[in-house]
Structures are given as structure tokens and as C-alpha cells.
Number of protein chains: 2
Amino acid sequence: MSPEILFRALSDETRLRCVMLVLQHGELCVCKLTEALNLSQPKISRHLATLKAARVLQDRREGVWVHYRLHAQLPAWALTVLQQTLCGIQAQEPFLSDSLHLKNVPDNSSLCSITE
Amino acid sequence: MSPEILFRALSDETRLRCVMLVLQHGELCVCKLTEALNLSQPKISRHLATLKAARVLQDRREGVWVHYRLHAQLPAWALTVLQQTLCGIQAQEPFLSDSLHLKNVPDNSSLCSITE
DNA sequence: TACTAATATATGCTTATCCGTATATAAAGA
DNA sequence: TCTTTATATACGGATAAGCATATATTAGTA
């Protein structure tokens, strides 16, 4: 993991929003991110693929659902960077709205929520 | 300062190398960075301009020399991100070589060194 | 097997970004 | 004013990256 790979992965707002939500919640499936960010599914999926390729996130399939979490081998410094970033920006938009919105995603919106 | 602006600024290796050296040394002029990184002056200058536009760095002219330092209004979280990144990568290439190389830039290579 | 739901990927288009080379600009000194 | 030095910027080219839309792929169920 080189630093510019991490920073490039985080340099897109959609990707950053995904990572910040995953950082706060431990693990999230695509459908949750899609609803929380109110963006199209292909767009979310594409950005998640980029994050996965950069080894920032890793995925886990559970039936039709795919959950994403921070990569198990993310270096400590990179994790600290993410945490410090969250501390600095969680009260900013769109990150504040994202978190509130995620909390409001109804559990019956997707069956994946029951198992999370 | 939004996070993706910071991360975009850092997503290029040349720019990241510049910022890491500036972070370690407080203030550096273009000629020092150009020699330490062993890259062309226009390339360094262009990247410094990008960092300045993103308000990651600020500059100060002293005669024919221009010195760059971290921007005075860099948010605390952003500074912490930079510091943690340095902690994590300073022993990696090319950052390790950059620092060693900077130490070896002879003082008589440029008159700017005398005043620094 | 067919159908449905969730997700990943392809396509074509537009815009952004980086590069080396050349040169413009700013500053200093004769 | 002219010359030199340091730095900034312009230019043209190549490549990367993001987007919406469409559709392929995977998993589960009837």
C-alpha cells in the first residue's frame, strides 16, 4: 500500500463517502450504501470496485448480498489517516447527512439488514 | 478544505514527495526540492502550484528564491493526516531516498541555502 | 428451468490530469 | 538597459478517470 494509492482511492467524493460510512459502521452492504448516499447502484458498485482493487476495502458475499469492510491488511498508518479524516470532517456535508441518512434507512428496505 | 481536495492534491507521487519533505523541514525552496527529488524544475513548479492552489502549501518569495511551507490555515485534521502519513511511509522508497538526498544537497548548489 | 433480486461490468462519451519542451515572468546585478 | 538566474506558465499530446445507461452475472426460490 503506497500512500498515493490510498490518496488516489480517497480523492473521489463518492468513494470517500463510502469509506467514511464503512469506517463508522464496520461493515455495510452495497444496498445500504446505495440508499444512504442516494446514488445509483452501478455508480456505487464501480467505486467500491476501485476501493477493493486499491485494497482499501474487502468484500464478503452472503447470498445475493455483498458486504464491504476495511481491508484486513490495511496498514496502521492508513487506518489512522482514515480515522483522523473522519474526526475532521464528520460534521461537514455531505458526511453529516450521509450518517443521518444511513440511520434512517428502514430495515425493511432490504432483507440484508436483518442479518447485519 | 474538503478532504477530497486534500487527497486529490496528495494523489500524485511527485506532489506527495514535495509535501513530505516540506513537512519534515518546515520550509524549502523550489531549487532544493528540484535537486532533492532529481526532477525537472518545470515539473516541480507545476506541482507546487497545484499544492498552493489546494491550499496545502503557501509560498514566500525572497529575491529570486521562492520558499514553500505548509499552509498557515491547514486544518488540524489535515495536518494530522500528513504527519501520520509521514510516520507510516518515511522508511519507504522513494521517501527515504528523498530525505537522504536532501541532506546531501550541497550548500553551495544554490545561494538560497545560505539564508535558510 | 424460469423468474426475481442484488450486484458487477460494458459501452461510449466527456472531462481531467500528467508529461516534456519551450518560453514567459520576476528579481538582481552590472 | 542588458544579462543572468530562479521560477512560473503555455502548449500539445497521451492517458486516465468519471458518468449515465444498458446489460451481464450471481444467488435464491418456485
Side-chain angles (χ1 to χ4, degrees), chain A residues 4-19 22 27-54 56-69 105 107-116, chain B residues 4-19 22 27-54 56-69 105 107-116:
Chain A
E4 70 274 5
I5 285 178
L6 174 65
F7 293 135
R8 189 162 293 130
L10 300 175
S11 66
D12 174 80
E13 192 185 78
T14 302
R15 289 202 290 277
L16 186 56
R17 291 164 74 186
C18 290
V19 172
V22 167
E27 189 175 65
L28 288 170
C29 80
V30 183
C31 64
K32 284 279 204 165
L33 286 167
T34 301
E35 291 209 27
L37 300 193
N38 195 29
L39 295 170
S40 73
Q41 177 274 318
K43 180 171 177 173
I44 296 291
S45 207
R46 188 187 320 116
H47 284 301
L48 288 173
T50 301
L51 290 164
K52 180 180 167 188
V56 174
L57 298 183
Q58 68 185 53
D59 64 355
R60 166 178 78 88
R61 181 175 276 269
E62 189 169 61
V64 295
W65 295 287
V66 180
H67 306 278
Y68 285 82
R69 74 178 73 165
V105 174
D107 279 353
N108 59 9
S109 70
S110 169
L111 200 56
C112 80
S113 303
I114 298 180
T115 60
E116 272 192 274
Chain B
E4 69 274 9
I5 284 177
L6 174 65
F7 293 133
R8 190 162 292 130
L10 300 176
S11 65
D12 174 81
E13 192 186 77
T14 302
R15 288 203 292 275
L16 187 55
R17 289 165 76 185
C18 289
V19 173
V22 168
E27 188 174 67
L28 288 171
C29 82
V30 182
C31 64
K32 283 280 204 160
L33 286 166
T34 301
E35 291 209 26
L37 300 192
N38 194 29
L39 295 170
S40 74
Q41 176 275 319
K43 181 172 177 173
I44 295 292
S45 207
R46 189 188 311 118
H47 284 300
L48 289 173
T50 302
L51 289 164
K52 179 180 166 187
V56 173
L57 299 184
Q58 67 187 54
D59 65 354
R60 166 179 75 89
R61 181 174 277 272
E62 188 169 59
V64 295
W65 295 288
V66 180
H67 307 277
Y68 284 82
R69 75 178 72 162
V105 173
D107 278 353
N108 58 10
S109 69
S110 169
L111 199 59
C112 80
S113 303
I114 297 178
T115 58
E116 273 193 271

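Since the model is a prediction, treat every value here as computed from it, not as a measurement.
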Within the distance-only criterion (no hydrogens, no angle test), does the side chain of [X] pair as donor or acceptor with the backbone N or O of [Y] below 3.5 angstrom?
X        : Y        : value
Arg15(B) : Ala9(B)  : yes
Arg46(A) : Leu48(A) : no
Ser11(A) : Arg8(A)  : yes

How many whole angstroms separate atom [atom1] of [X] from atom [atom2] of [N]?
X        : N       : atom1 : atom2 : result
Arg60(B) : dA26(C) : CZ    : C1'   : 16 Å
Leu16(B) : dC18(C) : CG    : C1'   : 16 Å
Leu51(A) : dA17(D) : CG    : P     : 13 Å
Glu62(A) : dT7(C)  : CD    : C1'   : 15 Å

- side-chain hydrogen bond (donor to acceptor under 3.5 Å, both in side chains) against Lys52(B), all qualifying residues, sequence neighbours excluded: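 If we apply the side-chain hydrogen bond (donor to acceptor under 3.5 Å, both in side chains) test to Lys52(B), skipping adjacent residues, the hits are Asp59(B).
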
- Query: Sequence neighbours excluded, which residues qualify as side-chain hydrogen bond (donor to acceptor under 3.5 Å, both in side chains) partners of Arg69(B)?
  - Reply: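 With neighbours one apart ignored, the set is Glu27(B).
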
[X] to [Y] - nearest heavy-atom pair and separation:
X        : Y        : result
Val22(A) : Tyr68(A) : CG1-O, 3.8 Å
Leu51(A) : Cys18(A) : CD1-CB, 4.3 Å
Asp12(B) : Thr14(B) : OD2-N, 3.0 Å

Kindly give the atom pairs (protein nitrogen or oxygen, nucleotide nitrogen or oxygen) under 3.5 Å for nucleotides 7-14 of chain D.
residue: dT7(D); atom: OP2; partner: Cys31(B); partner atom: N; Å: 3.2
residue: dA8(D); atom: OP1; partner: Tyr68(B); partner atom: OH; Å: 2.5
residue: dA8(D); atom: OP2; partner: Ser45(B); partner atom: OG; Å: 2.2
residue: dA8(D); atom: O5'; partner: Ser45(B); partner atom: OG; Å: 3.3
residue: dA8(D); atom: N7; partner: Gln41(B); partner atom: NE2; Å: 2.7
residue: dA8(D); atom: N6; partner: Gln41(B); partner atom: OE1; Å: 3.1

- Query: Thr34(B): what forms a side chain to side chain contact (heavy atoms under 4.5 Å, CB included) with it, not counting sequence neighbours?
  - Reply: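 Expected list: Val30(B), Gln41(B), Ile44(B).
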
- Using the C1' atoms of the five pairs at each end, what is the angle between the end axes of the helix from dT1(C)-dA30(D) to dA30(C)-dT1(D), to 10°?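 One end's axis against the other's: 10°.
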
Quick one: which protein N/O atoms are closer than 3.5 Å to N/O atoms of nucleotides 14-16 of chain C? Pair and distance per line, please.
none

- Message: Please confirm whether the shortest side-chain N or O distance from His47(A) to OP1 or OP2 of dA17(D) is below 4.0 Å.
- Response: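 No.
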
- Query: Going from OG1 on Thr50(A) to CG on Leu57(A), what distance comes out if it is rounded to the nearest 0.5 angstrom?
  - Reply: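 Here the rounded value is 10.5 Å.
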
- Message: With heavy-atom distances below 4.5 Å as the criterion, would you say the side chains of Arg17(A) and Leu39(A) are in contact?
- Response: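 They are in contact (side-chain heavy atoms under 4.5 Å apart), so the answer is yes.
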
